[in-house]
Amino acid sequence: MLLAALFLGIVAGRLLRAHPRPIGAAERMAAITIYLLLFLLGLSVGGDRSIMGALEEVGAQALVLSVGSVAGSLLVAAIVSARFFAADEE
């Protein structure tokens, strides 16, 4: 059912490509929906005692993973930029 809805959305998006107004409204609605879902997720996490009790341990692991992910992404982006895009500047 979810994949059918996604497929129908793709088809509708392709058909409405020439009319930017409905697509702009859809983007705003999608952004509002994402904010609402994030709020509800935070509400659910904040109300769960087991998650909040383990937040110190899980939070430290999450911080290490997040910092490592960002640092690794920046490193790879710098390497790719230096290797493939430096020649374009010369």
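Start at 1 with the first residue, then count along the sequence.
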V76: side-chain contact (heavy atoms from CB on, under 4.5 Å) partners, not counting sequence neighbours: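 Here the qualifying residues are V80.
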
Test question: given the 4.5 Å side-chain rule for I, L, V, M, F, W and Y, name all other residues clustered with [X], or answer none.
{"X": "L15", "value": "F7, V11"}
{"X": "L8", "value": "none"}
{"X": "V67", "value": "L63"}

Identify each donor-acceptor pair in which a side-chain atom of residues 36-59 lies under 3.5 Å from a protein atom, sequence neighbours left out, and give them as a table.
{"from": "D48", "atom 1": "OD1", "to": "S50", "atom 2": "N", "distance (Å)": "3.1"}
{"from": "D48", "atom 1": "OD1", "to": "S50", "atom 2": "OG", "distance (Å)": "2.8"}

